[in-house]
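Read the structure below first, then the notes.
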Amino acid sequence: MELKSIPFNKPYLSGNELAYILEAVQSGKISGNGLFTKKCHRFFEQQYQFKKCLLTTSCTDALEMAAILINIKSGDEVIVPSYTFVSTANAFVLRGAKIVFCDSGKNNPNLDVELIEGLITKNTIAIVAVHYAGTACDMDAILQIAKKYGLFVIEDAAQAIDSFYKGRRLGSIGHLAAFSFHETKNIQCGEGGMLVINDDQFIKRAEIIWEKGTNRSAFFSGETDKYNWVDIGSSFLPSDLNAAFLFAQLENLKLIQKKRLHIWERYFLKLSELATKGLIRIPNIPEYATKNGHLFYIICRNTEVRAGLISFLKKRGILSVFHYLSLHNSVFYISKYEGRTLINADNYSNNLLRLPLYYELSDVDIDFIITSTKEFFDRRI
Ligand SMILES: Cc1ncc(COP(=O)(O)O)c(C=O)c1O
């Protein structure tokens with residue numbers, strides 16, 4: 001039996017990272033908001049037409065900034081999918097919010113928009129739309145509800161770089177959006193993130209919160225002659241070393257995306273046979289959404305099948321991993337949760353499996369993963 005060593009993820013490197021880090025060092029300024037931070041902001045503001053961007057040390061930090069910006073206070077309610085990463089909820093819990101968990105849809109792990117209205121109370125402040133695997137939530141439906149009840153919409157676009165909803169870039173639709181540049185993401189700088197501000201009312205305050213609650217940005221741009229403590233905030237801005245690393249990746253975004261989409265399509269095409277036989281489900285991309293090659297998942301019939309497949313692939317040197325555990329069932333939240341069953345979130349928690357997907361993954365290795373997956377199911381029939 002052929003034995004390979006195929007990791008689940010391998011961070012992409014363009015080759016220019018160290019050169020740009022050196023350039024940052026030689027510029028004499030490696031703290032936040034330096035030369036490369038500005039280059040990254042410009043990239044997104046010009047090429048992505050995002051109104052205002054602020055690099056952060058993580059997507060978690062960008063979400064925490066969003067929670068501060070919309071003035072979350074004790075007792076406010078925020079609607080969040082249960083099937084998501086901890087930070088989507090934690091950022092708001094840190095400000096005293098009560099999290100109201102919404103189930104995922106039947107067809108994909110994103111929020112089931114049909115359920116949102118039923119979760120709104122007089123205390124609801126915001127809806128957090130997580131674009132799982134880079135697939136857009138139904139933003140028109142979410143925006144319509146938000147408008148009706150006067151709610152903020154925050155896009156958790158951690159996985160959603162270079163993806164679209166009806167031709168609109170993800171991250172440009174909600175009042176605020178948060179991206180991740182963690183090493184598992186399409187473009188990365190180890191740990192990193194970005195807050196996108198699409199609503200003018202938040203821009204000035206966001207710069208202050210970003211700089212520890214001071215008006216340092218305004219001071220350096222000459223807008224004020226005093227540098228003072230003016231609001232709450234934290235150290236949300238990353239070192240320019242991280243920005244230098246990130247910029248080397250951004251320059252290759254098109255190349256990275258082409259390769260990742262190729263891998264995604266190959267999985268999709270070749271595993272559709274198992275889906276047709278009803279042995280697994282493969283991603284369902286709604287007609288309003290695009291894919292961005294962030295991750296490829298399959299959904300097994302039950303947990304036992306998933307565990308069997310993980311161990312079968314592991315014996316062949318292939319690392320496949322499941323994803324989130326529903327947050328309403330988490331150790332931290334279960335005692336605070338009022339008990340509605342979230343069938344779809346639990347289904348994704350128990351049965352969703354992610355296959356390796358990274359820039360360097362060769363066609364030979366993708367085909368080996370696909371053949372091995374098919375063999376696992378052949379043996380079960
Ligand atoms: C949906 C979602 N939101 C937020 C995060 C947190 O991102 P970061 O690690 O950059 O803080 C993640 C992490 O993968 C995520 O999947």
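Every number for a ligand or one of its atoms is a count from 1 in the order of the listing.
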Per-pair distances, 0.1 Å, donor-acceptor, side chain in residues 90-100, under 3.5 Å, sequence neighbours excluded:
none

Checklist entry - Does the ring center of Tyr333 lie less than 6.0 Å from the ring center of Tyr337? => result no

Checklist entry - Can you find a pair of side-chain heavy atoms, one from Tyr297 and one from Leu353, that are under 4.5 Å apart? => result no

Put together the list of close N/O pairs, under 3.5 Å, between ligand 1 and the protein, could you?
from: ligand 1; atom 1: 3 (N); to: Asp156; atom 2: OD1; distance (Å): 3.1
from: ligand 1; atom 1: 3 (N); to: Asp156; atom 2: OD2; distance (Å): 2.7
from: ligand 1; atom 1: 10 (O); to: Cys59; atom 2: N; distance (Å): 2.9
from: ligand 1; atom 1: 10 (O); to: Ser180; atom 2: OG; distance (Å): 2.7
from: ligand 1; atom 1: 11 (O); to: Cys59; atom 2: N; distance (Å): 3.3
from: ligand 1; atom 1: 11 (O); to: Thr60; atom 2: N; distance (Å): 2.9
from: ligand 1; atom 1: 11 (O); to: Thr60; atom 2: OG1; distance (Å): 2.5
from: ligand 1; atom 1: 14 (O); to: Lys185; atom 2: NZ; distance (Å): 2.8
from: ligand 1; atom 1: 16 (O); to: Gln159; atom 2: NE2; distance (Å): 3.2
from: ligand 1; atom 1: 16 (O); to: Tyr324; atom 2: OH; distance (Å): 2.7

Next on the checklist: Run the ring-ring contact (aromatic ring centres under 6.0 Å, His included) test against Phe236 and tell me which residues pass, sequence neighbours left out.
Outcome noted: none

Would you tabulate the side-chain donor-acceptor contacts of residues 74-82 under 3.5 Å, counting partners in other chains and residues two or more places apart, or write 'none'?
from: Asp76; atom 1: OD1; to: Lys73; atom 2: NZ; distance (Å): 3.2
from: Asp76; atom 1: OD2; to: Lys73; atom 2: N; distance (Å): 2.8
from: Glu77; atom 1: OE1; to: Thr121; atom 2: OG1; distance (Å): 3.0
from: Ser82; atom 1: OG; to: Leu327; atom 2: N; distance (Å): 3.1
from: Ser82; atom 1: OG; to: His328; atom 2: N; distance (Å): 3.1
from: Ser82; atom 1: OG; to: His328; atom 2: ND1; distance (Å): 2.6

Next on the checklist: Could you go through Tyr132 and His323, starting from their C-alpha distance and side-chain angles, then the distance that decides it, and tell me whether this counts as ring-ring contact (aromatic ring centres under 6.0 Å, His included)?
Outcome noted: CA-CA 11 Å; Tyr132 184 75; His323 212 173; 5.5 Å; yes

